[in-house]
Number of protein chains: 2
Amino acid sequence: MTTSVVSVTVDLVLLTIRQGALQALLIRRGIEPYLGKWALPGGFVLPDEDLDEAAARELREETGLDPRTGHFEQLATYGAPGRDPRGRVVTIAYLALLPDLPSPVAGSDAAGAAWRPVDDIEAGDLAFDHDRILADGIERARAKLEYTPLATAFCPPEFTVAELRQVYETVWRTRLDPRNFHRKVTGAEGFVEATGGTVIRERGRPAQLFRRGPAALLHPPLLRSGQV
Amino acid sequence: MTTSVVSVTVDLVLLTIRQGALQALLIRRGIEPYLGKWALPGGFVLPDEDLDEAAARELREETGLDPRTGHFEQLATYGAPGRDPRGRVVTIAYLALLPDLPSPVAGSDAAGAAWRPVDDIEAGDLAFDHDRILADGIERARAKLEYTPLATAFCPPEFTVAELRQVYETVWRTRLDPRNFHRKVTGAEGFVEATGGTVIRERGRPAQLFRRGPAALLHPPLLRSGQV
DNA sequence: CGAATAGTGTCTGTGAGACATTATATC
DNA sequence: GATATAATGTCTCACAGACACTATTCG
């Protein structure tokens, strides 16, 4: 039996909603290969580190965020033989859904880091196979909004129904009926809980504030196929 | 930046339905560590092999099956530092849903291989962290039957609605109403297509034969939460 | 007051689940 | 004939989507 000795990295698809657009955190590479190109943040797994730990450490290093903020999960693993010119590198990609951060890129050690609207990133813009990893992450996020309450991961701890609706509209790139959306969100068991507070964003009637509820799955789900 | 040099393997969660039970293919280990213990089939990734290729090769070696039979997808990656006593081994697990095979374990190179009902496999029965990998695979299969037509992957190329229903009943461990199930399956766009043939399994009215349809997702889905 | 946003109510069509009925085979 | 399985139909309730209407703020 032949063993295959390879390097193992983690790469992060960090998604947030800023300025009404779904955005991903990218870093500008400071070393070869792909020097100067944009790439997903990531790095090598340390010898005594579990994969989740490595991803959480990279998240802290790149954003200063605690992985318990928002949502964090393993996405998929990529290991085509030629994906890194330096040799055999297998990367485990992680997906994080984050609220709009006050200090976007706090403690980044990369040459440069920036949030970029995912619609502005075109095929070939990113180093390695990061185009595909990013696309897979976005698709995972879109699908998960249907059956899980993860849209709340894009929101601050307290949010209004309208803000949650804007998350869905931004991620799915659709328009949703505010009245039906309100009824479905407040009717789905454990999706959101009223905090009792209210807030006025611009003008109009004050909106109730909610926090995320305890449900792990949405019953009934909010389907993209419908028009809500 | 420190690189982490590790070995990379693929492990397979192979699921089928035999004798009315959801069963997984296990091999009895012929070498240390865990000599004599049951484990998931798998092996090292070869130097010039993509991960999917390695998993497909292992599938062929263990079962003689072509990966295009049934359904095949990446499940998740496991890499806790102590999961293999020989050193750092990261494993990418794959999930396959297979029809009941005529020759269960054709060309296996393992000391012994057998289909085992998953309900008979208890915590601690399997080597390494394969208990958890198997559990993750079963849960993935259960969830995917809701929103995708993958139940057909457990069936031969032509099957009856009753056989498809038995797949759902076996995987979900529930009873489904045959009449409502028939209406929902034949009503879901692209789930199944009638071949025109009929067959009599034991006695009773002949059943229509179907093949899998072109749909990748079920609209509307078949939800576990309901009673069908 | 009007404009804007938040939230509730009402109506209609469709699907889920419960279950009756008909169809076609074997014994 | 009886029995078993397949397939269709019927009924009721709940939810989805469309959209009218009320509530509460700012200017």
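Every chain is numbered from 1, with letters handed out A, B, ... down the list of sequences.
Within 4.0 Å of R205(B), counting heavy atoms only, lies at least one base atom of the nucleic acid. Using a 4.0 Å heavy-atom cutoff across all strands shown, R183(B) reaches at least one base atom of the nucleic acid. Here P220(A) lies in heavy-atom contact (under 4.0 Å) with sugar-phosphate atoms only.
For the pair E189(B) CD and dG15(C) P, the computed distance is 12 Å after rounding to whole Å. Atom-to-atom, CZ of R179(B) to C1' of dA20(C) comes out at 8 Å; the value is rounded to the nearest Å. Distance L218(A) CG to dA16(D) C1': 15 Å, rounded to the nearest Å. dA6(D) atom P lies 12 Å from atom CG of L209(B), rounded to whole Å. Straight-line distance from the CZ atom of R224(A) to the C1' atom of dG17(D): 19 Å, rounded to whole Å. Atom pair D177(A):CG and dG7(C):P shows a separation of 14 Å (rounding to whole Å applied). Taking atom CZ of R165(A) as the reference point, atom C1' of dA6(C) lies 10 Å away to the nearest angstrom. F159(A) places its CZ atom 20 Å from the P atom of dT5(C), with the value rounded to the nearest Å.
Using a 30° and 60° split on the angle between ring planes, Y168(B) and W172(B) fall in the perpendicular class, above 60°.
Other residues, nucleotides and ligands contribute at most 12 non-hydrogen atoms within 6.0 Å of the CD atom of E189(B). Residue-environment remark: CZ (R57(B)) exceeds the threshold of 12 foreign heavy atoms within 6.0 Å.
For the OP1/OP2 pair of dT8(D) and a distance below 4.0 Å, the side-chain nitrogens and oxygens of H182(B) include at least one atom meeting the criterion. The shortest distance between the side-chain N/O atoms of Q208(A) and the OP1/OP2 oxygens of dG7(C) is below 4.0 Å.
Nearest to the side-chain atoms of K184(B) among the listed nucleotides dC26(D), dG17(C), dA6(C) stands dG17(C). Nearest to the side-chain atoms of V161(B) among the listed nucleotides dC26(D), dA6(D), dA7(D) stands dA7(D).
Taking the nucleotide of DNA chain C with the nearest heavy atom to each of R203(A) and G204(B), the more 5' of the two is matched to R203(A).
Residues I92(A) and T77(B) come closest through the heavy atom pair CG1-CG2, 3.7 Å.
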For the pair T160(B) and L209(B), evaluate side chain to side chain contact (heavy atoms under 4.5 Å, CB included) and give the outcome as yes or no after the intermediate values. CA-CA 5 Å; T160(B) 67; L209(B) 283 171; 4.0 Å; yes
